[in-house]
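Everything on this sheet refers to the single structure shown next.
We count residues from 1, following the sequence as given.
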Amino acid sequence: MAPSVSTDAAVEARVFWLRFQKEIAAALIIVILAIIGFAGYRFYTYRRNSTAAELLGNAKSPQDYQDVITRYPGTPAGASAYLLLAGRQHNEKKFAEANATLQRFVDKNPEHDFVPTARLAMAANLESMGKNDEALSIFQEVATKYPNTYNGPLALISQVPLLKAKNRIDDARRVCEEILTKYKMPGQQIEGTRDDRIDTVWAGEAMRHLRSLKPPEQPKPPVGASNAAPKAPAPGAPPSMIAAPTTPPPAGPVSSGAPTPKKPK
């Protein structure tokens, strides 16, 4: 019986191949083409990224950076060109143009690791332009959205000088206390860093600011008001020890109480 079963299986396989050989061949061709296409895409991407990186390495002027952005969008070098161009514009005090470049970087690369860094750079540019309210808003956004990165505590500590300038001392103290609460443990490493002591840096900076923040002054009492309240008499004190309320002396000449004799005419 065993040789008969083996023969039947071979016959069925041959029949299956004869019936579906075109479909099987077509499927194999599709798989081979897919592999070739993927390998070609990988090679093309590698070559394109390498060329873009080489061009970026030779870039010297803002126009060179713009060429990399235009010719090689979607490459790591193209994304880096945005940041380098914005840095050059910042150094030339073109703060509005630098922020426009950084905003394009964020729009084109929303998931890039340097997005929070770009947002902090935008806040610094706004601060240089005197737009402290907008800068403070971005610092607060980064601190809330990226608390477990290096940019989180940096965004918090950057709020303190702006709050001090606006005389919002209580808010500045609250930010410093938040830093001390979140980043004071020296062994708690922040994501994206290799320094276990990074937390102590932020805690030390927060303490330095906290010491310079004086509590708001209390209103002074009006001139002439008595600062000390009258003391209550001790229990069981004799009446002679209880001070009688004093009344101000009457205005005008003081009378001695005895009548003045009249001069005879």
Side-chain angles (χ1 to χ4, degrees), residues 76 79-91 93 95-219:
S80 299
Y82 279 109
L83 300 177
L84 294 173
L85 176 58
R88 179 66 65 87
Q89 291 168 335
H90 173 85
N91 294 337
K93 299 188 183 304
F95 303 118
E97 295 181 16
N99 271 9
T101 301
L102 290 169
Q103 186 61 54
R104 288 197 299 270
F105 165 78
V106 173
D107 293 339
K108 297 288 186 180
N109 308 275
E111 302 300 325
H112 200 283
D113 291 341
F114 283 163
V115 165
T117 303
R119 295 290 290 164
L120 290 181
M122 292 175 67
N125 289 332
L126 288 170
E127 191 175 354
S128 299
M129 290 188 289
K131 300 180 179 181
N132 292 344
D133 290 339
E134 296 179 36
L136 181 60
S137 177
I138 292 180
F139 284 136
Q140 292 171 341
E141 172 201 330
V142 174
T144 302
K145 195 172 181 180
Y146 306 98
N148 296 324
T149 67
Y150 185 90
N151 297 281
L154 178 57
L156 280 174
I157 204 68
S158 299
Q159 298 176 38
V160 177
L162 296 177
L163 293 171
K164 289 172 63 177
K166 297 170 70 67
N167 201 29
R168 293 169 55 181
I169 305 302
D170 289 340
D171 291 336
R173 292 179 65 88
R174 179 189 57 78
V175 171
C176 291
E177 292 168 356
E178 182 177 353
I179 294 172
L180 292 174
T181 302
K182 289 184 176 180
Y183 307 107
K184 67 179 179 179
M185 298 301 294
Q188 186 179 11
Q189 185 173 347
I190 297 180
E191 179 183 345
T193 67
R194 297 183 178 180
D195 190 355
D196 291 340
R197 299 169 298 174
I198 195 68
D199 299 292
T200 60
V201 174
W202 300 122
E205 191 68 12
M207 285 298 299
R208 185 180 67 82
H209 280 293
L210 202 57
R211 284 193 292 267
S212 68
L213 295 172
K214 297 180 180 179
E217 296 183 358
Q218 300 294 331

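Residue pairs satisfying the salt bridge (Lys or Arg N to Asp or Glu O under 4.0 Å) criterion with at least one member in residues 115-129, sequence neighbours excluded, are listed as follows: Arg119-Glu141.
For the residue pair Tyr82 and Thr101, the shortest heavy atom distance occurs at O-CG2, 3.3 Å. In terms of heavy atoms, Ala155 sits closest to Ala143 at CB-N, 3.7 Å. Across all non-hydrogen atoms, the minimal contact from Pro153 to Pro147 is CD-O, 4.4 Å.
Of the candidates Leu154, Ile138, Asn125, Leu154 is the only one forming a side chain to side chain contact (heavy atoms under 4.5 Å, CB included) with Leu120.
Within 6.0 Å of the NZ atom in Lys164, the count of heavy atoms belonging to other residues, nucleotides or ligands exceeds 12. Summarising the local packing, CG of Asn91 is surrounded by more than 12 heavy atoms from other residues, nucleotides or ligands at distances under 6.0 Å.
Taking CZ of Arg88 as the start and CD of Glu97 as the end, the distance is 13.5 Å to the nearest 0.5 Å. Atoms CZ and CD, on Arg168 and Gln159 in that order, are 9.0 Å from each other to the nearest 0.5 Å.
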* Verdict with supporting geometry, Asp107 and Gln103, side-chain hydrogen bond (donor to acceptor under 3.5 Å, both in side chains) -> CA-CA 6 Å; Asp107 293 339; Gln103 186 61 54; 3.0 Å; yes
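Side chains of Thr117 and Leu83 form no contact here, defined as non-hydrogen atoms less than 4.5 Å apart. At least one side-chain heavy atom of Tyr146 sits under 4.5 Å from a side-chain heavy atom of Val115.
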